[in-house]
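To find a chain, count down the sequence lines: A is the first, B the second, and so on, and within it residues start at 1.
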Amino acid sequence: DAGVIQSPRHEVTEMGQEVTLRCKPISGHDYLFWYRQTMMRGLELLIYFNNNVPIDDSGMPEDRFSAKMPNASFSTLKIQPSEPRDSAVYFCASSLAPIPIYFGEGSWLTVV
Amino acid sequence: DAKTTQPPSMDCAEGRAANLPCNHSTISGNEYVYWYRQIHSQGPQYIIHGLKNNETNEMASLIITEDRKSSTLILPHATLRDTAVYYCIVRLNAGKSTFGDGTTLTVKP
């Protein structure tokens, strides 16, 4: 079975540029999560969706970050404009409650 | 969601059992205990979960105390590939899961 698929796996971009991270959840899962991981802050939940509807976005750092889920098989996390402090690994994960969360391999973002 | 407390690091000899403790003294009756691990540079991987009873799968065993205030993840025969950060979390509802700092397990030859 295909797991959670994220793209791109690695991205290096210049400060001020727009960054779009993409995620395809596991088919049939009704929850989708976006996490960010850094050495300083660990694994942070940014936002999660249930049945394509955002439920809790309290972890989104600021207005530069936005996430959408136009359908059950696709989600995006956008950063505009990007800043060096946004450099991190961004994980997408999905689940079918109460079955556990399954994570993708992450998108490694470097903003220079 | 209930807060969990884990030791920051542990060592284990290869081939021996690794016992990773977790305290969740404020857990409520409908919260599950989940364990994940993260090997360097990879996404967190689900290991096992339980509500009240002890659980076992091909990867590990989960022992939950009768009062549910603590649990132990047991890797019966640790290998070098089990070196990772292990996260214990409790999940109140079907949605939000908050990860703490976890325990860094180092399996030594």
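The shortest distance between side-chain heavy atoms of A:L109 and A:T13 falls below 4.5 Å.
Of the atoms belonging to B:Q45, not a single heavy atom falls under 4.5 Å from chain A. Heavy atoms of A:L43 lying under 4.5 Å from chain B belong to its backbone as well as its side chain. Contacts of A:Q37 with chain B are made by side-chain atoms alone, with heavy-atom separations under 4.5 Å and no backbone atom involved.
Test A:F74, A:F33, A:W34 against A:C23 for side chain to side chain contact (heavy atoms under 4.5 Å, CB included) and you get one pass: A:W34.
In summary, the side chains of B:N23 and B:S25 do not present any donor paired with an acceptor at a separation below 3.5 Å, with no hydrogens or angles considered.
Between A:Y35 and A:F103, the two ring planes are tilted [angle within 30° to 60°].
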